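Throughout, numbering of the chain's residues begins at 1 and tracks the sequence. Computed from a predicted structure; not experimentally measured.
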Amino acid sequence: MEQALAEAELAAAAGETPVGAVVVAPGGRIAGRGHNLVVARSDPTAHAEILAIREACAAARSERLPGYDLYVTLEPCAMCAAAISFARIRRLYFGAGDAKGGAVEHGARFFGSSTCHHAPEVYSGIAERRASALLKEFFRKLRP
């Protein structure tokens, strides 16, 4: 989660919503990393999770990542939850919950849906205070 938090800090420094993610391959090597680049790329799909999964898939030369784990600082939205499912991520670890936009423990609860192809093991609240503090500080500065 430390590496995901570092990615979130990079996002904040670039004026992006501070969300970071890393995909860890079996054996512990970081296979993909990303932080939000929605504004910089003018791309609503440039979420941290999507970018990290794309990088890991490219490195693995596969659209599936069984046995890989994803660490992300914020509860994934529905789009990212779907990508996690389609990539067959083994475990999802996330920091702060997102009552407004999250789709794992809030909102759509994507992995519990009958249309979900694969549900990872989910572990929430990992470094939650730090992840939440990054977000709160970012939005406090943005909207004083």
Side-chain angles (χ1 to χ4, degrees), residues 1-12 14-139 142-143:
M1 187 58 85
E2 289 297 320
Q3 294 297 313
L5 287 162
E7 289 291 326
E9 289 170 354
L10 291 173
E16 300 274 357
T17 301
V19 178
V22 293
V23 175
V24 178
R29 169 184 62 79
I30 293 179
R33 59 180 64 238
H35 56 271
N36 277 8
L37 290 173
V38 171
V39 176
R41 293 189 179 178
S42 299
D43 179 358
T45 70
H47 287 199
E49 301 96 319
I50 300 292
L51 299 175
I53 289 169
R54 285 177 182 163
E55 187 175 291
C57 285
R61 294 190 173 119
S62 175
E63 75 282 7
R64 303 258 167 88
L65 299 169
Y68 287 63
D69 299 332
L70 175 67
Y71 292 79
V72 61
T73 59
L74 182 65
E75 178 181 355
C77 69
M79 173 184 69
C80 293
I84 291 163
S85 176
F86 289 132
R88 305 299 196 263
I89 296 289
R90 176 180 61 176
R91 293 186 190 113
L92 166 64
Y93 299 89
F94 72 85
D98 186 355
K100 184 177 177 184
V104 177
E105 292 182 347
H106 296 90
R109 298 178 187 242
F110 185 85
F111 301 129
S113 167
S114 63
T115 60
C116 179
H117 296 286
H118 165 79
E121 294 175 31
V122 176
Y123 302 91
S124 61
I126 312 301
E128 181 176 16
R129 283 189 198 163
R130 286 183 55 203
S132 183
L134 271 171
L135 288 157
K136 286 177 183 172
E137 179 65 15
F138 176 81
F139 287 111
L142 191 66
R143 302 177 190 129

Which residue pairs satisfy the salt bridge (charged side-chain N to carboxylate O under 4.0 Å, His left out) criterion with at least one member in [range], sequence neighbours excluded?
range	value
residues 105-119	none
residues 127-139	E2-R130, E137-R140, E137-K141
residues 26-51	E7-R33

Which one of L92, I50, V19 satisfies the side chain to side chain contact (heavy atoms under 4.5 Å, CB included) criterion with P76? L92
Mind checking what makes side-chain hydrogen bond (donor to acceptor under 3.5 Å, both in side chains) contact with S42, not counting sequence neighbours? none
Under 3.5 Å, is there a donor-acceptor pair between the side chain of N36 and the main chain of P18? no
Taking H118 for its side chain and I89 for its backbone only, find out whether a donor-acceptor pair lies under 3.5 Å. yes
Got a sec, which pairs hit side-chain hydrogen bond (donor to acceptor under 3.5 Å, both in side chains) with one end in [range], sequence neighbours left out?
range	result
residues 72-84	E75-H106
residues 50-64	none
residues 76-100	D69-R90, R91-E121

[X] to [Y] - nearest heavy-atom pair and separation:
X	Y	answer
A81	F110	CB-CB, 3.7 Å
L51	A46	CD1-O, 3.8 Å
L135	A96	CD1-CB, 4.4 Å
A59	A31	CB-O, 4.1 Å
A52	A21	CB-O, 3.9 Å

Look up atom [atom1] in [X] and atom [atom2] in [Y], then write down how far apart they are to the nearest 0.5 Å.
X	Y	atom1	atom2	answer
T17	F139	OG1	CZ	4.0 Å
C116	F111	SG	CZ	6.0 Å
F86	C57	CZ	SG	12.5 Å

V122 vs F94, test: side-chain contact (heavy atoms from CB on, under 4.5 Å). Steps then yes/no. CA-CA 8 Å; V122 176; F94 72 85; 3.8 Å; yes
Kindly indicate, with the supporting measurements, whether the criterion side-chain contact (heavy atoms from CB on, under 4.5 Å) is fulfilled by L5 and L134. CA-CA 9 Å; L5 287 162; L134 271 171; 4.0 Å; yes
By side chain to side chain contact (heavy atoms under 4.5 Å, CB included), A40 pairs with (sequence neighbours left out) E16, L37
